[in-house]
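For reference, the structure discussed in these notes is given below.
Sequence lines set the chain letters: A, B, ... in the order given, protein chains first and strands last, and positions in each chain run from 1.
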Number of protein chains: 2
Amino acid sequence: MNLESSPLITALQASGHRITRQRRVVLEVLEESREHLDAESLYWKARQRAPRISLATVYRTVAVLKQMGLIAEYSLGEEHGHFEAVPETPHYHFTCLGCGRVVEFDAPQVDRAVQELAERENLEIRAVQFSLTGYCARCRAGGPDGR
Amino acid sequence: MNLESSPLITALQASGHRITRQRRVVLEVLEESREHLDAESLYWKARQRAPRISLATVYRTVAVLKQMGLIAEYSLGEEHGHFEAVPETPHYHFTCLGCGRVVEFDAPQVDRAVQELAERENLEIRAVQFSLTGYCARCRAGGPDGR
DNA sequence: TTACCTGCAAAGGGTTTGCACTTTG
DNA sequence: CAAAGTGCAAACCCTTTGCAGGTAA
């Protein structure tokens, strides 16, 4: 069995959760992926390494990780939930309604605003959801899909 | 029949949609309410004035309004969709994981950041979703629910 | 009058759960 | 070995849709 420990696995373990093959695989997929995965994609990617894993286990695993703050769930556009390992530096998403592309961007001004608000109101911020939807330059110009 | 026209009704009408009793009622509830209503609450409030209205009609109505940009849908916290008439000045939401309270706040820095990004990347922004979740001052101090 | 709209109930799709079995620690 | 985790399938919940009957314009 794999002995190398990723940050996510270390954290999970430290918090008293058992490290099962299924959880390890889900975490690995999340860490290796630079995309935002929904439960279904996560499930299929995980199945490549743990063929008998079930969708229920994927959901149960992301629930634990989410609760621990190790991953974040986004509702990109109008769709269902997407997950992503929490990045060192926060970043946000723009979803194009025309071509469906998701672009990541950072916004230090937003980070600062959040921090200021938290301090001023004495809030403990656990999650920041900042996503934009609209049309990208290409689609505005009558791009790929003609809109 | 009621002759006074709210902004929402005027806009709906102008866009070629028929003004039915059900739509009128849904719009009225949305305009009068200073809360963020989910489809179910909207349905019950609407039923007080139009007893035979169905949940399906509520959904169909908010879909039209959303598409026209007259109302906005938020996924506050982790819950299902909430609707709100689009305010003159944009504002955002903080949901307390402890007591469930939703606080509105504005963030000019965020507005500015969005505008800058849109100009720089030549995007047409249709919707901005910016919501924070965490614990409010009271709940951090071992408040209402003891957390 | 005729599109458009509604109510009803059934379908849909993502997510959660009950239960018996397996596995970790 | 006990407690925690898993797989499976059924249950759930919010939302959407098909259709027959209304209703605004």
A:Leu12 CG to D:dG5 C1', straight-line distance once rounded to whole Å: 12 Å
Distance-only donor-acceptor pairs under 3.5 Å for side chains of residues 112-120 of chain A, two or more places apart:
| from | atom 1 | to | atom 2 | distance (Å) |
| --- | --- | --- | --- | --- |
| A:Glu116 | OE1 | B:Gln109 | NE2 | 3.0 |

Value in whole Å for how far the P atom of D:dG7 lies from CZ of A:Arg47: 10 Å
Contacts of type ring pair (Phe, Tyr, Trp, His ring centres under 6.0 Å), residue B:Phe130, not counting sequence neighbours: A:Phe130, B:Tyr92
Non-neighbouring partners of A:Asn122 that pass side chain to side chain donor-acceptor pair (under 3.5 Å), sequence neighbours left out: B:Arg140
Residue pairs, two or more places apart or on separate chains, that pass ring-ring contact (aromatic ring centres under 6.0 Å, His included) and touch residues 7-31 of chain B: none
Pairs involving residues 98-121 of chain B, ordered by first then second residue, that meet ring-ring contact (aromatic ring centres under 6.0 Å, His included) (sequence neighbours left out): none
Whole-Å distance separating the CZ atom of B:Phe83 from the C1' atom of D:dT15: 9 Å
Partners meeting side-chain contact (heavy atoms from CB on, under 4.5 Å) with A:Thr10 (sequence neighbours left out): A:Ser5
Bending between helix ends of the helix from C:dT1-D:dA25 to C:dG25-D:dC1 [5 pairs per end, 10° resolution]: 40°
Sugar-phosphate only, base, or nothing, as touched by A:Ala63 at under 4.0 Å among non-hydrogen atoms: nothing
Length of the line joining A:Ile9:CD1 and C:dG25:C1', which is rounded to integer Å: 16 Å
Nearest-angstrom distance from the residue atom CG of A:Leu27 to C1' of D:dG5: 14 Å
Closest non-hydrogen atom pair between B:Ala39 and B:Leu55, with its separation: O-CD1, 3.9 Å
Contact letters for nucleotides 1-12 of chain C, in which S counts primed atoms plus P, OP1 and OP2 and B counts the base, heavy atoms under 4.0 Å: --BBSSBB----
Nearest-angstrom distance from the residue atom CG of A:Leu37 to P of C:dG14: 15 Å
Pairs satisfying ring-ring contact (aromatic ring centres under 6.0 Å, His included), at least one member in residues 26-74 of chain B, at least two apart: B:His36-B:His93, B:Tyr74-B:His93
Distance in angstrom units between A:Lys66 NZ and C:dG14 P, rounded: 16 Å
